[in-house]
A.B. asks: 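First the structure, then my questions, so here it is.
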Amino acid sequence: MARAYDVQAIERKWQDRWAEERSYEVDADDPRPARYVLCMYPYPSGPAHQGHVRNYAFGDLLVRFRTMQGDAVLSPYGFDSFGLPAENAAIRTGEHPRTFTEARIAELKSSVRRLGAVYDWRREVRSHDPAFIRWNQYIFLRFLEAGIAYRANAPVNWCPGCQTVLANEQVLADGTCERSGDLVVQRDLEQWFFRITNYADELLDALDPLEWPERVKVMQRHWIGRSEGVEFDLPLVDDPEGRSLRVFTTRPDTSFGMTYAVIAPEHPLVDALTSEAQRAAVEEIRAAAARATELDRTSGASPEKRGAFTGGSVVNPFTQAAIPVYVADYVLMRYGTGAIMAVPAEDERDWDFAAAHGLPVVRTTQPPDGFEGGAWTGDGEKINSAFLDGLDVAAAKERAIDWLEEQGIGHRTVNYRLRDWLVSRQRYWGCPIPVVYCPTHGIVGVPDDQLPVLAPDDVEFLPRGDSPLARHPTFRHATCPVCGGPAERETDTMDTFVDSSWYFLRFCDPWAEDRPFDPAAARHFMPVYQYIGGIEHAILHLLYARFYTKALIDLGVAPGTPREPFTRLFTQGMIRMDNKKMSKSKGNLVSPERYLDSVGADALRLFHLFAGPPADDMDWTAQTDEVIDGCGRFLERVWRLTVEAGEGPWRHDAPTRADDELVRATHRLVAKVGNDLERWSFNTAVAACMEFANTLQRYRREADGGPHRPTYDAAVDALLLVLAPMTPHMTAEAWERRFGADARIHAQSWPAFDPELAAEATVTMVVQVNGKVRDRIEVAPDISEDEARRLALGSAKISEALNGAEPARVIVRPPRLVNVVTGRG
RNA sequence: GCCCGGAUGGUGGAAUCGGCAGACACGAAGGCCUCAAAAGCCUUUGCUCGAAAGGGCGUGCGGGUUCAAGUCCCGCUCCGGGCACCA
């Protein structure tokens, strides 16, 4: 291959330059406007894969583009370096997770460098660094003091064979342990939680103004799952203690149709309600529910098998009728009150259950005419509902709630699907939870001056599924910071989502030694102006990071406003191959390295920009290599047009019409690329550059007496400048060759354009007859309506198409279109 | 089941506000250059009828609104994703 330039040498040279010249290091006292651009920090699993390349092609483009526009762009990089893969590797090979992880970081770092993406490497943050662990633990302790961190019983997956807790992923579809094959059971264990539910309303309401993809906002709203309703009491029939069953509903308007009630198998009133005759049946449901994980419980069993009559009854306060109480696994103890009123006429689950158990149905909303289904959940006139009759659903809800409150048996309330965040993990390779348990003082936080609590290295990694920390001979032994007596150290570590919930704040001031970060530095850079990452983080990471930001502000650790960390979010599409996500675990990675070794980083980056809309998924196919080669060919062509512009002949005389056209095309290019980059339409920005290169080439070929030197030079400069954020190496080298050893294209200002010149000199006006194109006329862009009509009707082709028919209407949309409509059209 | 996307040439895609469908690229075909090849350059390339000029059809399917629909409305099909008993 006869290359126009030495790709490898040039890319290496400029990567070295950028590192030496530190042009992308930015400080909090920089006078330029601060702009924080961040790609989600990666889990280090080895060399960069195509997903990284795509992510950083977008991110680096933005960093360089905004810098050329005059902003001080904060572009940090780090590693989400705690996590299960390193621990699993340790179990497999015996290699310590730290050495394993640091080797993977080194690989990822060097391949990221080869992409030519620029970062402020001084700010590198790694989750497993003692400095990060220290402040992670410091924040945990503030959460503990504030009551945001708390300990509670929670149902976990317990393997009796391994005597340990399992993550959901370690439980197979049939409910057995992936290691021992034993049946996994639900068991309540003490676990650490963060009270994210305190922020449920703010997390929901604050979504609205965010410039995020709508579907991500929808997913978060659904995840939070706010529902407004009412709780009220149903007195037990014949209960010597006079107890009541409390239920939650969002449809109090349907209360007159309540023909039975259902309670969760774990509900404390199950025993009180169960009759001797029904005890065996109820126990069966309870045992099955206790055995099954929630996953199994929510899928599958037939309606008859899912519940049983308790033998007990409660009173429906609206009708004063006694109704039977059933126990069923589809009612969850953790949501609402763990008990529901069942209205089969207006709830599909209740309908199915009622049908299976032969329970009565009373409609309270009049379904529309012709409705033949079962439950009607829509709006309609209330019927069979005494004082609610005639109201619509919304009004009846209000009236029913008012009535319950007047009677003093219920009150308005709100429930959320969102649960508190379970943060403890029975794992080694994570941030230790900094507390000890004292026999006299209970849970005591490790004092700040003893942080960080670091896990010992001399542990055994065994395939047991629990943390080696719990088996370490001395780690558990601690002294109580309050009394100095013997205490036991917490051996759980934190969920790795904790690390990623505030790393972007640490990036603002990673040097802080007396606090997690300087609030002034955070105030300078935050919020992240543009966050870029995968859609797979749409819910958990982004929700946790939002929660953390708010909690840290409320604790005075982070500066006050704004309370949202990520103003704009962009979620890139994933890369698929053979209809599967391209990933290491699927074993279908196409390594970027071979492209870096051949066509180079610029061509590979350009391909990722050009391949399609950044938000869309992309298929890696048999054709992909050819497209990448095409991107390389384009860059070589640009090189020849710009660097090897030739000896001439050149003209320096007055510009011709063809020269003027090139000037206009140049201004159009700058306008178009700038606009496209702003709106994340990178593929069309690349297309515009390619089109311009075609124009430039044609101009050179066709210019009589050679190209006009000033016109050609301006065109070349503009093309290089707009390409600079996309293909940084080639454009940097070309610029240096044109302007000398000190010239730096990325230090140039983003080019301006003249809107007058960017406008087309002439416009093709389409003339239609009855909507079909019959002629095209070149006209001035500012042509008047009358003139456009005159030209259109004067066209010979139009007369011919009309064939004597009289125009009934002429629609004129200058300068683009005239449509002549005849009577029959 | 519910919610959200998407469907445009052989392929990836473009059409930013209802106004020329197919920009740009890949592939393919032909040509120039060359002893030959590679590279490069130049043409052609939605389907179809036609020798040509020119015509007809065409954005998943069926309707509708409009002078005009890839774009808006109604009803479907298929593909992808999210949530999956949250009362």
Side-chain angles (χ1 to χ4, degrees), chain A residues 1-4 213-216 218-219 221-223 225-227 229 247-251 254 262 294-295 297-301 303 306 328-332 334-343 346-350 352-353 415-419 535-536 538-539 573-574 576 579 607 610-613 615-619 621-631 633-634 636-637 640 672 675-676 679 681 683-694 697-698 701 764-773 775-776 807-811 813 816-822 825:
Chain A
M1 287 241 264
R3 289 215 175 273
E214 200 50 41
R215 68 175 170 143
V216 174
V218 168
M219 279 191 236
R221 283 190 196 109
H222 186 86
W223 190 260
R226 182 188 155 100
S227 31
V247 296
F248 170 75
T249 183
T250 56
R251 291 293 306 274
T254 65
V262 188
E294 196 162 286
L295 212 71
R297 223 172 120 168
T298 56
S299 62
R306 306 192 62 184
D329 68 355
Y330 76 86
V331 173
L332 308 172
R334 64 168 169 77
Y335 186 82
T337 60
I340 60 160
M341 65 176 214
V343 185
E346 278 101 28
D347 183 285
E348 281 166 19
R349 288 157 304 173
D350 294 346
D352 293 343
F353 191 82
N415 265 299
Y416 300 90
R417 226 185 64 97
L418 181 70
R419 283 186 278 173
I535 185 73
E536 65 273 19
I539 298 175
M574 67 180 183
R576 283 184 314 226
N579 277 321
F607 160 74
F610 184 54
D616 287 6
D617 287 348
M618 182 182 96
D619 282 303
T621 67
Q623 195 186 266
T624 300
D625 276 7
E626 283 160 347
V627 180
I628 295 173
D629 285 344
C631 289
R633 282 199 300 273
F634 165 72
E636 295 195 68
R637 208 145 64 85
R640 288 192 204 97
K672 165 85 175 151
N675 183 31
D676 282 356
R679 66 186 181 104
S681 185
N683 52 332
T684 55
V686 174
C689 294
M690 290 174 168
E691 200 171 355
F692 187 74
N694 292 341
Q697 189 157 320
R698 196 176 319 110
R701 189 172 64 239
T764 307
M765 184 172 78
V766 170
V767 187
Q768 301 175 331
V769 174
N770 293 326
K772 284 188 193 293
V773 181
D775 198 7
R776 293 184 169 86
R809 248 177 104 184
V810 183
I811 286 116
R813 293 284 178 276
R816 296 275 169 206
L817 176 128
V818 175
N819 189 9
V820 181
V821 185
T822 63

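So that the names make sense, note that chain A is the first sequence line, chain B the second, and so on, each numbered from 1. Keep in mind that this is a model prediction, so the values were computed, not measured.
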A.B. asks: Nearest-nucleotide wise, let me know which of Glu691(A) and Lys672(A) is further upstream toward the 5' end of RNA chain B.
C.D. replies: Lys672(A)
A.B. asks: Between G12(B) and C17(B), how far apart are the two P atoms, rounded to whole Å?
C.D. replies: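 To the nearest whole Å, 24 Å.
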A.B. asks: Which base, if any, makes a Watson-Crick or G-U wobble pair with G70(B), both distances under 3.5 Å?
C.D. replies: none
A.B. asks: Say we look at U11(B) and C74(B): how far apart would their C1' atoms be, to the nearest angstrom?
C.D. replies: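 Pairwise C1' distance, U11(B) against C74(B), rounds to 34 Å.
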A.B. asks: Say you pick atom C1' in C32(B) and the same atom in C24(B); how far apart are they, in whole Å?
C.D. replies: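 These two C1' atoms come out 25 Å apart once rounded.
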A.B. asks: Return the nucleotide paired to G50(B): Watson-Crick means purine N1 to pyrimidine N3 with N6-O4 or O6-N4, wobble means G-U with N1-O2 and O6-N3, both under 3.5 Å.
C.D. replies: none
A.B. asks: What is the minimum heavy-atom distance between Val821(A) and Asn770(A), and which atoms define it?
C.D. replies: CA-OD1, 3.4 Å
A.B. asks: Would you kindly check whether a donor in the side chain of Arg776(A) faces an acceptor in the base of C20(B), or vice versa, at under 3.5 angstrom?
C.D. replies: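 Yes.
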A.B. asks: Whole angstroms only, please: what is the CG-P distance between Asp619(A) and A7(B)?
C.D. replies: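 For the pair Asp619(A) CG and A7(B) P, the rounded distance is 14 Å.
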A.B. asks: Can you give one letter per nucleotide of nucleotides 41-46 of chain B, going 5' to 3': B for a protein heavy atom under 4.0 Å from the base, S for sugar-phosphate only, - for none?
C.D. replies: SS----
A.B. asks: Does Phe353(A) form a ring pair (Phe, Tyr, Trp, His ring centres under 6.0 Å) with Tyr330(A)? I'd like the steps, not just the answer.
C.D. replies: CA-CA 10 Å; Phe353(A) 191 82; Tyr330(A) 76 86; 5.5 Å; yes
A.B. asks: Could you tell me whether the side chain of Asn415(A) and the main chain of Ser227(A) form a donor-acceptor pair under 3.5 Å?
C.D. replies: no
A.B. asks: Report the distance from atom CZ of Arg776(A) to atom CE of Met765(A), rounding to the nearest 0.5 Å.
C.D. replies: 12.5 Å
A.B. asks: Among the candidates C83(B), C20(B), A25(B), find the nucleotide nearest to the side-chain atoms of Met690(A).
C.D. replies: A25(B)
A.B. asks: Side-chain N or O of Arg633(A) less than 4.0 angstrom from OP1 or OP2 on C26(B)?
C.D. replies: yes
A.B. asks: Under a 3.5 Å distance rule, please check whether Asp616(A) uses its side chain to pair with a backbone N or O of Gly573(A) as donor and acceptor.
C.D. replies: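 Side chain of Asp616(A) to backbone of Gly573(A), a donor-acceptor pair under 3.5 Å: no, none is there.
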A.B. asks: Is the backbone of Ala342(A) close enough, under 3.5 Å, to the side chain of Asp347(A) for a donor and an acceptor to pair up by distance?
C.D. replies: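 Side chain of Asp347(A) to backbone of Ala342(A), a donor-acceptor pair under 3.5 Å: no, none is there.
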A.B. asks: Glu214(A) CD to G82(B) P: how many Å, rounded?
C.D. replies: 18 Å
A.B. asks: Just checking Ser227(A): base, sugar-phosphate only, or nothing, at a heavy-atom cut-off of under 4.0 Å?
C.D. replies: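 Sugar-phosphate: the residue Ser227(A), judged by heavy atoms under 4.0 Å, touches backbone atoms but no base.
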A.B. asks: Could you please name the option among A68(B), C26(B), C20(B) that lies closest to any side-chain atom of Asn819(A)?
C.D. replies: A68(B)
A.B. asks: Applying the Watson-Crick and G-U wobble criteria at under 3.5 Å, what pairs with G75(B)? Answer none if nothing qualifies.
C.D. replies: C61(B)
A.B. asks: Can you tell me, in whole Å, how much space there is between the C1' of A15(B) and that of G70(B)?
C.D. replies: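 The same atom, C1', in both gives a distance of 9 Å.
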A.B. asks: Checking Asn683(A) side chain against Ala611(A) main chain: does a donor-acceptor pair fall under 3.5 Å?
C.D. replies: no
A.B. asks: Using a heavy-atom cut-off of under 4.0 Å over every strand shown, decide if Asn683(A) touches base, sugar-phosphate, or nothing.
C.D. replies: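 Sugar-phosphate, no base atom in range.
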A.B. asks: Specify the separation, in whole Å, of atom CG of Asp352(A) and atom C1' of A87(B).
C.D. replies: 14 Å
A.B. asks: For C61(B), is chi within 90° of 0 (syn) or not (anti)?
C.D. replies: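 Here the answer is anti: the torsion falls beyond 90° from 0.
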A.B. asks: Gln768(A) versus Ile811(A): any side-chain heavy-atom pair under 4.5 Å?
C.D. replies: no
A.B. asks: Using the P atom on both, measure A29(B) against A39(B) and round to a whole Å.
C.D. replies: 14 Å
A.B. asks: Would you mind telling me which residue lines up with the more 5' stretch of RNA chain B, Val686(A) or Asp676(A), judged by nearest nucleotide?
C.D. replies: Asp676(A)
A.B. asks: From the list C24(B), A68(B), C20(B), which nucleotide is the closest neighbour of the side chain of Ala687(A)?
C.D. replies: C24(B)
A.B. asks: With syn defined as a glycosidic torsion within 90 degrees of 0 and anti otherwise, which applies to G54(B)?
C.D. replies: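 Chi for G54(B) falls in the anti range.
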A.B. asks: With the side chain of Gln768(A) defined as its heavy atoms from C-beta on, choose the nearest nucleotide among G19(B), A87(B), G12(B).
C.D. replies: G19(B)
A.B. asks: I'd like to know whether CZ of Arg816(A) has more than 12 heavy-atom contacts from other residues, nucleotides or ligands below 6.0 angstrom.
C.D. replies: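 Not buried by this count: 12 neighbours or fewer within 6.0 Å.
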A.B. asks: Is the distance from OP1 or OP2 of G19(B) to the nearest side-chain N or O of Arg816(A) less than 4.0 Å?
C.D. replies: no
A.B. asks: For the C1' atoms, the ones on C35(B) and on C20(B), what distance do you get once it is rounded to whole angstrom?
C.D. replies: 49 Å
A.B. asks: Could you check whether Tyr416(A) gets within reach of a base, just the sugar-phosphate, or nothing at all, counting any heavy atom under 4.0 Å?
C.D. replies: nothing
A.B. asks: Both distances below 3.5 Å, Watson-Crick or wobble geometry, any strand: find the nucleotide opposite A84(B).
C.D. replies: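 By the stated definition (distances under 3.5 Å), nothing pairs with A84(B).
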A.B. asks: Which whole number of Å gives the distance between the C1' atom of G9(B) and that of U48(B)?
C.D. replies: 14 Å
A.B. asks: Should Arg221(A) be listed as having a side-chain N or O under 4.0 Å from OP1 or OP2 of C83(B)?
C.D. replies: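 For C83(B), neither OP1 nor OP2 has a side-chain N or O of Arg221(A) closer than 4.0 Å.
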A.B. asks: Report yes if at least one side-chain N or O of Lys772(A) is closer than 4.0 Å to OP1 or OP2 of A21(B); otherwise report no.
C.D. replies: no
A.B. asks: So what does Arg679(A) touch, heavy atoms closer than 4.0 Å: a base, only the sugar-phosphate, or nothing?
C.D. replies: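 Base contact.
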A.B. asks: Does a sphere of radius 6.0 Å around CZ in Arg215(A) hold more than 12 heavy atoms from other residues, nucleotides or ligands, not counting ones at 6.0 Å or beyond?
C.D. replies: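 No.
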A.B. asks: Can a salt bridge be assigned to the pair Glu626(A) and Arg633(A) using a cut-off of 4.0 Å between side-chain N and carboxylate O?
C.D. replies: no
A.B. asks: Do Arg813(A) and G19(B) have a side chain to base donor-acceptor pair shorter than 3.5 Å?
C.D. replies: yes
A.B. asks: Consider the side chain of Ile811(A), meaning its heavy atoms from C-beta on, and name the nucleotide among G19(B), A87(B), G13(B) that approaches it most closely.
C.D. replies: G19(B)
A.B. asks: If you measure from the C1' atom in C83(B) to the same atom in C72(B), how many Å do you get, rounded?
C.D. replies: 30 Å
A.B. asks: Provide the Watson-Crick or G-U wobble partner of G40(B), both distances under 3.5 Å; none if there is no partner.
C.D. replies: C32(B)
A.B. asks: What's the closest nucleotide to the Asp347(A) side chain, out of C83(B), A87(B), A68(B)?
C.D. replies: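 Of C83(B), A87(B), A68(B), A87(B) is nearest to the side chain of Asp347(A).
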A.B. asks: When both hydrogen-bonding distances must be under 3.5 Å and the geometry is Watson-Crick or G-U wobble, what is U45(B) paired with, if anything?
C.D. replies: G27(B)
A.B. asks: With a 4.0 Å limit, can you tell me whether Asn694(A) has a side-chain N or O closer than that to the phosphate oxygens OP1/OP2 of A23(B)?
C.D. replies: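 Answer is no, no contact under 4.0 Å.
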A.B. asks: With a non-hydrogen cut-off below 4.0 angstrom, is Thr684(A) in contact with a base, only sugar-phosphate, or nothing?
C.D. replies: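 Counting heavy atoms under 4.0 Å across all strands, the contact made by Thr684(A) is with sugar-phosphate only.
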